[in-house]
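All chains are named by letter (A, B, ...) in the order of the sequence lines, taking the proteins before the strands, and each is independently numbered beginning at 1.
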Amino acid sequence: MIVAEQKPLDEVYEFAKKYKKVLIMGCGTCVTVCMAGGEKEVGIVANQLRLKAKENGDDFVVDEHTITRQCDKEFFDEETARKIKAADAVVSMACGVGVQYSAEVFPDMLVYPGLNTKFFGTNVEQGVWAERCAGCGECVVGDFGGVCPISRCSKSIMNGPCGGSSDGTCEINPDVDCAWQLIYDRMDKLGKLDELEKNQPIKDWSTARDGGPRTVKRDDVKL
Amino acid sequence: MSQEPLIIAFCCHYCAFTAADLAGTMRQQYPTNTRIVRLPCTGKVDANMLLQAFVDGADGVMVAGCEEGSCHFIQGNLRAIKRVTYAKDLLAETGINPERLEMYHIAASQGPLFAKTSKEFVEKIAGLIEEDKMSLKEETPETSGEKT
Ligand code: SF4
Ligand code: SF4
């Protein structure tokens with residue numbers, strides 16, 4: 001899932017207070033699962049804005065609404081359109097994709113991000129999310145025992161480990177696992193250590209962000 | 001008697017709520033400012049429930065659950081502590097003194113403790129409101145200046 005975190009309240013407040021009616025719009029998918037921008041969090045931020053407005057003597061109305069997904073047009077139903085049009089501005093509690101897509105669907109509406117989008121990751125334990133993929137565009141985890149050297153190695157090296165690996169942790173921070181230790185251990189367990197002898201070629205980064213904004217096209221499913 | 005400050009007390013059915021009932025049976029006096037909301041367990045509390053009480057006009061909110069280790073649902077009260085702590089941070093972000101929200105542990109048999117705790121909480125909140133009014137006065141243009 002896409003993992004995000006809430007922006008500091010002050011930042012959202014400075015935006016919201018400029019308008020008479022602000023809609024806080026949540027997303028029911030990734031950001032609900034990572035507890036950053038679902039219905040519950042929308043309720044919290046809306047109430048925080050109401051309380052802060054009362055404290056500061058500012059006067060604006062805060063409305064709440066959450067849809068299943070903000071990155072898919074079909075979920076912007078009539079009720080959502082009505083709520084958006086009734087507002088002067090929207091704070092989108094989706095990931096950056098949802099924020100931009102909301103603005104694309106409603107080009108006349110001011111949409112402000114309520115979250116800071118962090119990474120593609122997983123819930124490693126209750127309350128902890130960790131990065132697992134950097135969307136490099138050409139997945140290589142198959143060669144590394146299912147551990148991604150791009151997103152999990154601080155240097156994204158393909159022929160690791162580097163000299164900074166110590167006691168299984170990365171030199172940038174002892175709390176960060178060394179991806180190459182994980183790769184080694186996994187390959188060892190799978191009885192495939194010899195495959196790590198292979199020299200990996202330089203990765204073609206043009207399939208990643210370095211190649212500019214990317215699109216995926218499928219003629220078979222196009223209308 | 002003044003109904004200000006208005007206090008909402010989220011009380012667990014198995015302990016603090018029973019204690020409140022007992023306080024009544026024992027004819028213990030405590031201020032009528034406290035409105036009790038009975039919950040099946042303080043583990044039912046979520047941060048927004050606490051914020052909502054403030055939005056709806058509460059001056060102070062108390063959450064009262066079983067003593068640590070004696071929750072009817074094993075660890076509902078421990079979860080409540082975490083959520084109250086989180087809600088305190090959320091309140092602080094809005095500029096509201098987080099001390100307006102507190103968690104207490106009161107066993108079913110502690111009627112007098114419930115009465116005492118509610119009374120002290122009402123007094124504390126009244127004091128905080130007074131402090132807020134004073135600091136508001138200090139900030140008025142005539143008196144504002146270099147703070148020492
Ligand atoms: S808008 Fe973002 S958070 Fe919501 S479903 Fe799409 S990708 Fe996930
Ligand atoms: S190799 Fe690329 S696509 Fe595969 S998990 Fe890592 S970053 Fe993601």
Side-chain angles (χ1 to χ4, degrees), chain A residues 5-17 21-28 31-66 91 93 112-116 123 125-129, chain B residues 4-8 10 37 43-61 63 74-76 78-101 125 128-141 144:
Chain A
E5 248 178 5
Q6 269 172 33
K7 278 190 177 289
L9 183 70
D10 275 347
E11 186 182 334
V12 177
Y13 188 81
E14 286 307 307
F15 170 78
K17 75 173 190 191
K21 189 169 180 184
V22 181
L23 175 69
I24 314 295
M25 188 162 71
C27 174
V31 293
T32 291
V33 182
C34 69
M35 298 175 173
E39 194 174 357
K40 222 171 187 174
E41 293 76 27
V42 165
I44 288 176
V45 171
N47 273 340
Q48 277 190 297
L49 292 173
R50 290 176 187 124
L51 288 171
K52 200 173 170 81
K54 200 165 143 201
E55 281 293 300
N56 292 6
D58 287 325
D59 188 20
F60 59 89
V61 177
V62 182
D63 198 6
E64 304 169 27
H65 185 58
T66 298
V91 172
M93 301 279 289
Y112 192 85
L115 304 182
N116 288 324
N123 188 194
E125 64 177 276
Q126 179 99 0
V128 182
W129 291 267
Chain B
E4 265 185 19
L6 179 63
I7 307 296
I8 300 295
F10 291 102
V37 178
K44 177 80 181 77
V45 158
D46 78 27
N48 204 23
M49 183 189 260
L50 303 171
L51 294 185
Q52 193 65 47
F54 286 99
V55 169
D56 291 341
D59 297 302
V61 174
V63 177
I74 303 170
Q75 43 178 331
L78 304 180
R79 298 214 164 105
I81 296 173
K82 286 188 186 167
R83 296 181 198 144
V84 168
T85 308
Y86 175 54
K88 275 171 167 279
D89 292 344
L90 297 173
L91 279 180
E93 277 191 302
T94 71
I96 293 175
N97 188 335
E99 283 188 39
R100 292 211 187 200
L101 167 67
I125 299 300
L128 291 178
I129 292 175
E130 226 21 67
E131 268 175 37
D132 283 354
K133 279 187 191 154
M134 297 295 276
S135 64
L136 217 65
K137 266 191 203 150
E138 270 169 32
E139 279 165 22
T140 52
S144 75

Counting only heavy atoms closer than 4.5 Å, note whether A/Q48 contacts chain B via side chain, backbone, both or neither.
-> both
Against chain B, work out which of A/K54, A/E55, A/K40 has the most heavy-atom pairs shorter than 4.5 Å and name it.
->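 Most heavy-atom pairs under 4.5 Å with chain B: A/E55.
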Using side-chain contact (heavy atoms from CB on, under 4.5 Å) as the criterion, point out the one residue from A/E41, A/M35, A/E11 that pairs with A/Q6.
-> A/E41
Is A/D10 salt-bridged to A/K52, going by a charged N under 4.0 Å from an acidic O?
->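 A/K52 and A/D10: salt-bridged.
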B/D46 versus chain A, the contacting section by heavy-atom distance below 4.5 Å =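 Side chain of B/D46 only, per the 4.5 Å heavy-atom cut-off to chain A.
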Step-by-step side chain to side chain contact (heavy atoms under 4.5 Å, CB included) determination, A/N56 to A/Y13 = CA-CA 11 Å; A/N56 292 6; A/Y13 188 81; 3.6 Å; yes
Going by atom types alone, do B/N97 and B/R100 pair a side-chain donor with an acceptor below 3.5 Å?
-> no
